[in-house]
Amino acid sequence: MTRTLVFPALFFGALALLPLMTDDSYVRHIAIIALLYAVVVSGWNITLGFGGVFNFAHLALFAIAAYATGILTKTYDWPSWTGIPVGIGASVIAALVVCLPVLRLRGIYVILVTFGFGQLCFQFVLNQRELTGGNFGFVRIPPLKLFDYSFRSDGGIGYYYVALLLLLITVVLIHRFVHSPFGWRVMALRENEPYAVARGIALARVRLSTFAFSAIFPGAAGAVYAQYVRSASPDMFGFSFLTIALSMLLLGGVGTIWGPIVGALVFSVFSELMTPLGPGRYLVTAVVIVAILRFFPKGLSGIPEAWQTWRKRAHAGRDVAPQP
Amino acid sequence: EGYNGAALAAKEINAAGGIDGFMFEVEKFDTKEMTPDAVLSAVERLKATDNLGAIVTPFGSLSGFEMDYVAEIGVPYMVAANSNQYRSIITEDPEFYKNTWSLAPSYDAYQTELPKVVNQMIESGSFAPENKTYAIIGSDNPYSMPIYEGLKKAMDADGWEMTFDDVVPPVEINDWRVMLSKIRENPPAVIINTEASSSNAAAFMNQFMEDPTDSLLFIQYAPSVPEFVDLTKENSTGVLYNMLGGPISAKVSDRTKEIGEKYAAEYGYDSSIYGYICYEMVYLYADLLKEVGDPSDYDAINATLAETDKEMVHGRVKFDPETHLSIQGDGYLPIQFYQIWEGDRVTIYPPVYATGDSRTPPWMAN
Amino acid sequence: MPEPILNVDDLVTGYGRQPVLHGLSLSVLEGEALGLIGPNGHGKTTLFRTVSGLNRAWSGQIRFMGEDITGLSAAQIAERGLVHVPQGNRLFPQMSVEDCLDLGAFSPAKRDNGAATRDRVFAIFPRLAERRKQRCRTLSGGERQMVAIGCGLMGQPKLLILDEPTLGLSPRLKGELRDAIGAIIETGVQVLIVEQDPEFLRRLTTRQVYIEEGRVREDFDAGSLEHDKMMEMYFGLR
Amino acid sequence: MSLLTVSNVTKSFGALRALRGVSFDVHRGEVLGLAGPNGSGKSTLFNVLTKIPVGPDSGRVVLDGVDLSGLRPHQIVRQGLARIFQTETDFGALTVIQNVLVALPRGIGRDVRLYALNLLEDFGLADQADRPASEIGVFDRKKLMIATAMACAPRVLLLDEPAAGLSKPEVGAMAKLIKQINRQDVAIVVIEHVMPLLLDVSERLVVLDFGEVLAEGLPGEVVRDPKVIEAYLGSEAQAHA
Amino acid sequence: MDFADGALSAFRAVFASGLVLSSLYVMIAAGLALVWSTLGIFNFAHGAIMVIGAYVAWTVSIDLGLGQVAGLVAALAASALIGVAVNRLLVQPFLAQPNIILITVMTTLSGAFFLENSALLIWGPRIKQLEKIVDGNVFLAGTAISGHEAVIIVVAPLMMLALWAFLRFSWTGKAIRAVAQNREFAELSGIRPERMYAIAFAISAALAGFAGVMLGAIRFITPTLGADPLIKAMIVVILGGLGSIPGTILGAYLVGFGEAVSTYFLGAYWTQAMMFFVFILILVIRPNGLMGRE
Ligand SMILES: Nc1ncnc2c1ncn2[C@@H]1O[C@H](COP(=O)(O)OP(=O)(O)OP(=O)(O)O)[C@@H](O)[C@H]1O
Ligand SMILES: Nc1ncnc2c1ncn2[C@@H]1O[C@H](COP(=O)(O)OP(=O)(O)OP(=O)(O)O)[C@@H](O)[C@H]1O
Ligand SMILES: [Mg+2]
Ligand SMILES: [Mg+2]
């Protein structure tokens with residue numbers, strides 16, 4: 001037990017100390033965004049990785065949470081601390097709505113319908129310009145404030161710790177999920193749907209719960225994101241956010257607790273480093289994604305295992321890869 | 001192109017020995033997909049840049065939300081588009097945004113001037129409408145919508161009657177036929193399209209010309225983009241458009257001619273408006289620096305910037321202290337109306353800058 | 001002693017890191033019909049898949065009619081006349097029986113004889129002729145097994161490998177299938193069969209091999225005393 | 001006494017009428033054998049009884065006085081009708097014991113893990129409890145599938161070809177297992193083509209052909225029915241049995 | 001103008017516009033449907049291949065001035081080559097993996113980004129356009145359309161028909177379907193899956209290239225030219241249903257006419273949202289598409 005806690009403790013300890021080591025606001029900005037992505041992608045991993053449902057509306061949930069937070073706290077003057085609950089609420093409700101058609105669908109159809117849902121939201125945001133700011137985005141969202149402490153002060157350090165706290169909660173929740181009967185049922189449905197139903201698992205209820213649970217994370221992250229960058233833009237429904245998040249997930253490894261987190265952090269740093277390449281960075285990114293998928297099908301979190309396999313085989317003195 | 005323009009200006013200034021020993025360096029900060037966090041990353045990287053003197057850009061984001069961040073840095077920030085958005089934010093607290101100044105004027109004139117120009121054409125005989133009807137198409141984005149609404153009001157006030165009204169979403173539109181055929185059912189004297197995307201507008205132009213009606217065609221702004229003519233070729237002859245804050249025609253302005261030639265010589269193709277403006281921004285900054293002497297004294301530079309009164313490629317620039325936009329109108333930045341004729345852009349309004357007369361579009365020559 | 005038509009020598013293979021066959025050797029002699037038996041999950045199917053090129057051999061050698069075929073692709077091996085009818089197969093679910101059979105003779109060299117071979121298949125399995133236009137996925141288990149064997153025959157095999165052809169078939173179909181396979185052997189095609197039912201094997205094959213834990217355990221001639229003993233020992237059957 | 005009553009159940013796939021009005025009873029505590037040629041509708045019958053994936057087009061299914069027509073598939077399982085599939089199925093990524101745990105109904109008591117371990121013990125799987133299900137052998141996977149069905153606390157257990165592909169000794173073990181389960185007051189319906197097993201375990205036999213009940217009665221009588229021999233057994237096979 | 005007249009001309013406009021759109025969608029969906037309905041792989045790079053086809057045609061026929069035929073040939077060759085590369089690099093290596101659907105979505109999306117951004121780097125951001133293969137306008141039901149579009153209206157369904165016949169009757173076509181339905185059994189029958197995949201992808205990509213060339217003359221060539229049509233084509237083939245070429249054709253005409261009708265009656269404003277809404281609705285009612293099988 002104590003040993004299993006060493007890695008998480010080191011990980012969060014190091015992250016908690018990061019602001020003490022550097023006060024470069026650029027580094028901090030990247031860190032905040034990366035942490036928020038880690039939360040979003042971890043949430044996605046619940047439906048996509050553990051649940052085996054290709055929910056491509058996940059990033060739309062993130063965007064919906066950002067818009068909901070923005071609109072309620074700016075247009076309707078709700079206090080800024082309601083942002084996270086509002087984001088979670090909006091995201092969960094939206095997730096339940098997307099889940100309904102998905103109950104009947106499979107495979108690529110799920111991808112397309114959920115993606116279609118995102119597009120529908122996108123169209124809605126464009127069309128309701130009065131409410132959402134149309135394609136220019138919704139701007140000047142009030143920043144997060146608690147007891148007169150504006151999280152914008154001190155170079156956004158408050159946001160950093162909020163994001164870190166969110167990630168910590170995420171890890172704890174997902175860890176409990178994976179080791180709970182609910183989590184096993186979700187995985188059982190992924191493994192074999194008819195068999196799961198034949199063993200008394202209520203498909204609709206479990207799936208709806210899965211969606212609702214996974215929606216908590218983009219909901220919270222979307223709210224903080226909106227309050228941090230102080231805007232929500234319709235691009236958030238588009239392909240670019242989606243592919244960024246999907247790359248993170250696949251890069252880190254689907255269906256593991258730490259995979260998406262590692263993926264999000266590594267990918268964020270990587271894509272920032274690539275910015276100077278201009279459009280060329282897309283080429284590099286695309287190549288890297290495909291290469292990772294090709295050589296580490298389980299993502300970065302599968303590397304230790306792949307390494308072990310390789311070592312074992314090297315020891316055994318076999319040279320041929322025995323893949324069928 | 002904005003970057004190219006700025007780089008060209010910096011190169012010239014450096015070649016001339018710089019300003020008070022300061023050499024200029026232009027660095028590009030990519031906002032990637034313009035997602036909020038990417039724009040913010042660009043700002044953060046800017047912040048971390050040593051010896052940052054000023055930021056020049058056509059516009060930092062569609063929504064203008066980056067201004068808050070730039071305001072915190074305090075560095076002089078010059079933009080040249082998206083005025084409505086910037087204005088709406090700045091007027092809330094002009095003092096807070098004291099470093100942000102727009103070389104583009106307010107877009108209000110887009111809403112009002114068209115009836116005057118049409119009347120001028122009627123007077124000059126180049127347009128003889130059978131009746132006073134018009135069709136209008138709006139494009140649903142925060143830039144075009146006020147113009148669309150304003151134009152409707154202005155036309156109605158001038159006694160025009162609307163026969164068709166529709167709004168298109170801010171996406172790629174390739175098929176205007178259904179809309180055009182509705183317009184053709186009842187041909188109006190004037191067709192107004194406020195579509196801001198040049199390729200959408202070009203598609204509209206081409207499809208209109210498949211079966212043109214006896215109507216004057218006015219497309220707001222989009223035809224000013226060079227590729228509009230490439231894409232429509234001879235189809236575009238006769239179309240009207242207007243532009244605020246655009247360079248004054250090279251035929252009447254030496255400055256425009258000079259920059260345009262330099263730019264073409266350097267990069268091998270003609271610049272769009274942003275190449276000109278960013279070029280001018282760098283020169284404007286050079287003036288400020290000369291006066292203040294210390295590039296790190298942002299407050300002084302901003303204060304001087306606020307006092308700017310300078311004749312530029314697009315007219316006389318002086319800022320409105322309320323909105324931080326350039327003042328528009330008589331003596332300041334003009335609104336210009338153009339008519340495309342065989343690929344040439346003829347300024348037909350205002351008379352002072354006109355390079356030619358308006359003519360009856362070829363499709364309605366009979 | 002006749003020349004072996006198929007010779008498997010010291011074959012090692014498996015899935016992932018897990019070996020299933022641990023140095024298996026076996027040969028099919030000219031003119032004989034060989035049967036394999038053995039408990040579940042001990043590598044019979046894996047052996048067949050490796051022989052026909054679906055799985056790769058980790059080490060060892062497979063020779064067919066004197067040629068080393070280790071490492072060739074399944075398609076290349078099929079072209080040489082070693083045809084594998086896999087276990088519990090779905091066929092091409094959306095295609096008609098006829099198309100399915102035709103594709104069995106895909107390689108250009110075999111296409112020419114396709115029509116003639118098809119008539120032969122229909123002669124052996126008249127039920128398929130009745131159902132030539134039906135989609136494979138709607139066929140019953142027994143019919144599907146017939147189509148699978150039919151496809152194998154379309155490949156004009158020199159050696160036909162059948163993996164549990166009676167799996168899940170009704171007793172009656174089992175009997176019919178046995179007769180049909182008998183008829184195929186009559187036409188001079190050599191067979192290598194895996195089957196759980198020793199009775200079935202005993203009536204079709206001339207020699208049986210017992211496979212356990214990825215190795216050939218014992219080797220007997222049918223009807224010998226040791227054979228009966230083995231049957232009793234492992235199968236509780238007299 | 002009838003525990004499960006199936007009356008006049010029909011099911012069509014497009015033009016194909018897979019079940020054409022099937023009726024029979026399953027008595028409390030008995031093992032009922034279900035035989036019939038390939039494609040006669042046996043598996044389809046199990047599918048519609050459990051509504052996986054969909055229920056019958058028409059007809060009534062009553063389990064211990066409860067009409068199943070209004071229930072969803074998972075509710076039917078909870079009502080006490082559990083099945084295994086014709087091919088081995090499991091939740092490969094979960095461990096053996098988790099496979100059982102997900103199938104346990106709620107409120108079975110506090111120590112569910114112990115309960116599950118006991119169940120696995122009955123099937124000789126307890127020593128594999130913490131291995132991923134994908135790593136255990138074929139026969140064990142078949143047994144695991146039955147164990148998870150038992151975890152649902154069924155009153156009627158539907159077995160679809162439990163002995164297909166098993167070697168002779170394994171068939172014997174399977175027969176023993178079936179009888180053992182039956183002793184726990186669970187009625188069993190077993191589909192099987194492996195005649196020794198079918199005749200060994202079943203107390204009554206129903207034979208389907210073309211989606212209709214062809215024969216029903218004591219095994220010894222049914223296998224001598226000429227209609228059954230003609231449609232299902234074939235002449236020689238009967239001699240064996 | 002009286003009411004009947006108005007209704008008639010409305011009908012004509014909708015008909016002409018719908019026919020042009022539908023035919024475009026048929027053309028774009030053809031290649032997509034080939035790999036999707038046979039191999040079950042959704043190639044998100046299809047739109048990007050179209051773009052490259054259009055650019056190559058532009059370079060050869062306009063920039064180098066070698067004429068339209070040379071441009072078309074070069075575009076077909078280039079896109080077929082890219083198709084083979086997409087298959088080799090983005091599809092083949094992943095076929096053995098269990099979540100192949102998700103992985104190919106990801107790899108082909110990456111491929112699309114790669115191609116689009118390569119196009120941006122090679123040809124720059126400036127919009128280009130190809131010449132129409134026939135000049136002048138044609139009147140269709142009293143509405144003017146360009147001659148080029150008339151050609152598309154005729155060619156697109158023929159293309160689909162040819163594709164259908166190819167898959168249905170030719171040895172290669174049957175083998176492609178066989179590989180998709182049961183790869184191992186196909187191998188045992190002597191079919192080489194890699195070759196069949198390569199052929200299918202090459203043909204599919206060549207069709208994309210052709211669509212790109214045709215489209216490049218009536219729309220404007222930008223690196224993202226393919227994005228919007230790809231989404232429409234996606235809707236088309238999904239509505240059509242897996243494994244159903246006739247379904248794809250039906251889907252294309254439904255989407256095209258649906259779009260025209262909706263633009264007329266609801267306005268362009270709501271049409272996009274409408275499309276997605278109806279799309280989701282149809283899939284909820286018919287989870288395997290209009291004419292799809294399981
Ligand atoms: N695709 C696979 N991946 C991993 N392991 C496999 C795979 N296929 C088979 N195995 C394992 O390989 C071993 C041998 O299996 P194989 O199918 O060859 O046995 P068999 O003798 O044919 O059994 P049966 O009589 O059930 O057909 C088994 O332990 C099985 O679990
Ligand atoms: N989903 C389906 N769609 C179409 N036809 C089906 C479907 N499921 C089963 N069938 C058909 O219904 C008939 C009965 O099938 P079923 O699986 O019930 O047979 P069975 O008696 O279990 O045969 P076996 O002993 O071979 O398992 C068969 O002809 C089969 O092809
Ligand atoms: Mg086997
Ligand atoms: Mg069955």
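Throughout, a chain's letter reflects where its sequence line sits, starting with A, and its residues are numbered from 1. It should be emphasised that the depicted structure is a prediction, and the values quoted were computed from it without experimental measurement.
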query: Given the rule in the side-chain contact (heavy atoms from CB on, under 4.5 Å) test, do E:F113 and A:T285 qualify, once you have shown the distances and angles that lead to the verdict?
result: CA-CA 9 Å; E:F113 278 114; A:T285 312; over 6 Å; no
- request: List the steps and the verdict of side-chain contact (heavy atoms from CB on, under 4.5 Å) for E:M234 and A:F115.
  value: CA-CA 11 Å; E:M234 203 162 95; A:F115 179 71; 4.0 Å; yes
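Using a 4.5 Å heavy-atom threshold, the side chains of E:L121 and A:L283 count as touching.
When heavy atoms are compared at a cutoff of 4.5 Å, A:T114 does not approach chain E at all. Contact of E:F94 with chain A is made through the side chain alone, with heavy-atom distances under 4.5 Å. If you measure heavy-atom distances from A:F122 to chain E, you find no contacts under 4.5 Å at all. Contacts of E:I100 with chain A are absent, with no heavy-atom separation under 4.5 Å from either backbone or side chain. For E:L120, the part lying near chain A is the side chain, with the backbone staying farther off; criterion is any non-hydrogen pair under 4.5 Å. If you measure heavy-atom distances from A:L250 to chain E, the contacts under 4.5 Å come from the side chain alone. Interface remark: A:L100 contributes no atoms to any contact with chain E (heavy atom separation under 4.5 Å). Only the side chain of E:F279 comes within contact range of chain A, judged by heavy atoms closer than 4.5 Å. Residue contact with chain A, scored on non-hydrogen atoms closer than 4.5 Å, involves the backbone of E:L89 exclusively.
Summarising the geometry, atom CD1 belonging to E:I280 is positioned 10.0 Å from atom CD belonging to A:Q119; distances are rounded to the nearest 0.5 Å. Note that CG of A:L120 is 11.0 Å distant from CD of E:Q272, once rounded to the nearest 0.5 Å. Atom CG of E:L109 is separated from atom CD1 of A:I289 by 9.0 Å, given to the nearest 0.5 angstrom.
Among A:L112, A:I111, A:T243, the single residue meeting the side-chain contact (heavy atoms from CB on, under 4.5 Å) criterion with E:V105 is A:I111.
In this structure, A:Y109 and E:W36 have perpendicular ring planes: the angle between them is above 60°, well past the 30° mark.
The minimum heavy-atom distance between A:G116 and E:F276, with the atom names listed, is CA-CD2, 3.7 Å. A:A286 approaches E:S110 most closely through the heavy-atom pair CB-O, 3.4 Å. The two residues E:M106 and A:L293 come nearest to each other via the heavy atoms CG-CD1, 3.9 Å.
Environment of CZ in A:F270: crowded, with over 12 heavy atoms of neighbouring residues, nucleotides or ligands closer than 6.0 Å. Residue A:F124 qualifies as open at atom CZ: its count of foreign heavy atoms under 6.0 Å is 12 or below.
For the set E:A227, E:P93, E:G111, E:A112, the entry with the most heavy-atom pairs within less than 4.5 Å of chain A is E:P93.
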